[in-house]
Amino acid sequence: MAAESFYGQVVLVTGASSGIGLAVARLLLEQGYTVLGASRRLPEMLPRLSEADPLLAGLIPYRLDITEPESCCRLVEQIMSDYGRLDALFHCAGSGLASAVEETPVEEVRWQLDQIFIGAVNMVQPVLPLMRSQKKGLIVLISSVAAFVPVPYQTYYSAAKAALQAYATGLADEVAPFGIRISVVSPGDTKTGYTNARRVIGSGRPDSPYSGPLERSVAKMARDEQNGMRPQAIARAAVKNLYTSRPPLNRTPGLLYKVTLLVQRLMPTRLFRAIIRRIYAA
């Protein structure tokens with residue numbers, strides 16, 4: 001039997017084929033929800049995932065490309081046809097770019113914005129009128145600590161996450177009168193397949209003065225991620241939002257990252273950025 005939720009039992013998880021999205025979907029299944037999982041590859045991947053973890057056989061797969069508005073609209077229409085409602089959206093999809101700002105072609109910048117910011121807009125847009133008509137709904141967006149602490153050589157990723165944060169903040173105020181709640185979960189380093197499969201390295205020149213620092217920065221990020229929080233911890237923070245009528249706008253899982261954000265507010269900016277530069281841009 002499904003756990004008691006303030007919003008309902010039909011939940012959509014994007015990016016459900018791996019990483020945080022898969023962890024969120026699994027936790028929701030464990031708690032008894034009707035879980036609709038969406039990604040570009042999930043319909044083909046689900047038999048293999050279910051073989052490894054039988055609980056995932058309960059996941060209902062849909063195909064989705066968040067960079068295509070038509071794909072997002074078709075998905076919401078299909079969900080309405082199949083279930084007649086959608087109570088919560090957990091938007092976990094997206095990929096990241098590591099590059100030197102000076103050498104990143106505009107096309108790659110657009111790709112990054114599509115993956116993080118525009119992709120979220122594409123997915124949220126058709127969900128809002130549905131939830132507004134229901135007079136209730138929850139939208140949880142997975143962001144990053146990088147939205148608040150921009151990381152060198154992940155500058156465009158950080159900028160896209162910061163845009164997502166600003167979008168969610170304004171959106172929360174607009175939709176609150178209609179019973180729709182917004183929450184942003186901003187993890188730090190997390191041990192997922194993102195490290196090897198979801199981060200794209202920008203197309204800089206081999207003889208670039210940035211190539212050495214970029215390589216060292218990416219290696220540092222990869223080490224931190226492989227020693228980072230487990231996706232299940234991020235999933236627990238995200239799913240917690242279902243059980244309160246007033247979820248916080250921002251959740252940052254992990255004591256280390258809560259302290260990092262506190263230190264950033266208290267420490268002089270020049271000193272704090274010097275520390276970040278020493279870690280990621282030396």
Side-chain angles (χ1 to χ4, degrees), residues 11 13-28 37 39 66 88-98 112 115-117 119-120 123-124 138-169 172 182-200 217-218 220-244 247-265 276 279-280:
V11 180
V13 182
T14 68
S17 59
S18 63
I20 293 171
L22 181 59
V24 168
R26 191 190 188 287
L27 181 58
L28 289 165
S39 82
I66 61 168
L89 164 65
F90 289 80
H91 181 67
C92 309
S95 298
L97 173 69
Q112 180 64 101
Q115 289 292 320
I116 301 294
F117 178 57
M123 192 65 250
V124 170
L138 172 69
I139 297 174
V140 179
L141 304 173
I142 302 298
S143 182
S144 169
V145 168
F148 307 101
V149 184
V151 180
Y153 298 105
Q154 284 200 108
T155 303
Y156 289 116
Y157 173 83
S158 302
K161 290 293 190 180
L164 183 64
Q165 179 66 46
Y167 167 77
T169 302
I182 310 295
S183 185
V184 182
V185 177
S186 299
D189 297 314
T190 307
K191 186 175 181 178
T192 69
Y194 174 90
T195 301
N196 297 318
R198 305 300 291 170
R199 178 181 288 116
V200 173
S217 183
V218 170
K220 167 66 175 167
M221 295 170 203
R223 286 193 301 271
D224 289 347
E225 287 162 0
Q226 289 310 296
N227 292 298
M229 297 180 68
R230 291 169 56 81
Q232 290 80 1
I234 314 305
R236 287 193 293 272
V239 170
K240 190 182 295 185
N241 289 299
L242 282 166
Y243 302 106
T244 173
L249 177 61
N250 294 297
R251 286 188 189 272
T252 303
L255 179 60
L256 172 63
Y257 301 105
K258 290 181 174 70
V259 170
T260 299
L261 296 182
L262 177 61
V263 169
Q264 178 187 232
R265 288 197 293 271
I276 297 297
I279 295 171
Y280 291 108

Rounded distance (nearest 0.5 Å) linking atom OG1 of T169 with atom CG of L249: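 With rounding to 0.5 Å, OG1 (T169) is 4.5 Å from CG (L249).
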Reported CD-to-CD distance for the pair Q112 and Q154, which is rounded to 0.5 angstrom: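 Answer rounded to 0.5 Å: 8.5 Å.
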Spacing of S217 atom OG and I279 atom CD1 [to the nearest 0.5 Å]: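 It comes to 10.5 Å.
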Spacing of Y257 atom OH and T190 atom OG1 [to the nearest 0.5 Å]: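 Going from the OH atom of Y257 to the OG1 atom of T190 covers 6.5 Å.
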Sequence-distant partners of I66, side chain to side chain contact (heavy atoms under 4.5 Å, CB included), two or more places apart: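 I66 satisfies side chain to side chain contact (heavy atoms under 4.5 Å, CB included) with L64, H91, A93 once adjacent residues are dropped.
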Smallest separation among heavy atoms of A16 and G37, with atom names: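 Taking A16 first and G37 second, the nearest heavy atoms are CB-CA, 3.7 Å.
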Audit row: V124, L141, side-chain contact (heavy atoms from CB on, under 4.5 Å) steps and yes/no: CA-CA 10 Å; V124 170; L141 304 173; 4.1 Å; yes
Side chain to side chain contact (heavy atoms under 4.5 Å, CB included) against L242, all qualifying residues, sequence neighbours excluded: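 Scan of L242 (side chain to side chain contact (heavy atoms under 4.5 Å, CB included), adjacent residues dropped) gives S5, Y7, L28, Y33, A88, F90, L138, V239.
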Side chain to side chain contact (heavy atoms under 4.5 Å, CB included) involving L261 - partner list, sequence neighbours excluded: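 Expected list: V145, F148, V149, T252, Q264, R265.
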For the student: nearest non-hydrogen atoms of S95 and I116, plus distance: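 Minimum heavy-atom separation between S95 and I116: O-CD1, 3.4 Å.
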Residues that F117 engages under ring-ring contact (aromatic ring centres under 6.0 Å, His included), provided they are two or more places apart: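 By the ring-ring contact (aromatic ring centres under 6.0 Å, His included) rule, F117 matches Y167.
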Closest non-hydrogen atom pair between P150 and I276, with its separation: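 Result for this residue pair: O-CG2, 4.0 Å.
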side-chain contact (heavy atoms from CB on, under 4.5 Å) evaluation trace for V151 with M221: CA-CA 10 Å; V151 180; M221 295 170 203; 4.1 Å; yes
N250 CG to Q165 CD distance, which is reported to the nearest 0.5 Å: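 Between atom CG of N250 and atom CD of Q165 there are 4.0 Å.
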S143 versus P187, closest heavy-atom pair with distance: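 S143 and P187 have their closest heavy atoms at O-CD, 3.4 Å.
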Salt bridge (Lys or Arg N to Asp or Glu O under 4.0 Å) involving K258 - partner list, sequence neighbours excluded: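 So K258 forms no salt bridge (Lys or Arg N to Asp or Glu O under 4.0 Å) with any residue.
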Under the side-chain hydrogen bond (donor to acceptor under 3.5 Å, both in side chains) test, residues paired with K220 that sit two or more places apart: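 If we apply the side-chain hydrogen bond (donor to acceptor under 3.5 Å, both in side chains) test to K220, skipping adjacent residues, the hits are D224.
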Donor-acceptor contact below 3.5 Å, side chain T14 vs main chain C92: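 Flag set: sc T14 to bb C92 pair under 3.5 Å.
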Those residues that, when tested against S144, pass side chain to side chain contact (heavy atoms under 4.5 Å, CB included) (two or more places apart):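 A146, Y157, K161.
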Exercise: identify the closest heavy-atom pair between R251 and P248: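 Here R251 and P248 meet closest at NH2-CD, 3.4 Å.
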Result of checking I234, V185, V13 against V24 for side chain to side chain contact (heavy atoms under 4.5 Å, CB included):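 For V24, the side chain to side chain contact (heavy atoms under 4.5 Å, CB included) check succeeds only for V13.
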Rounded distance (nearest 0.5 Å) linking atom CD1 of I20 with atom CD of Q232: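 One finds 10.0 Å between CD1 of I20 and CD of Q232.
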Residues which pass side-chain hydrogen bond (donor to acceptor under 3.5 Å, both in side chains) with S183, listed by chain and number, not counting sequence neighbours: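 Listed in chain order: N241.
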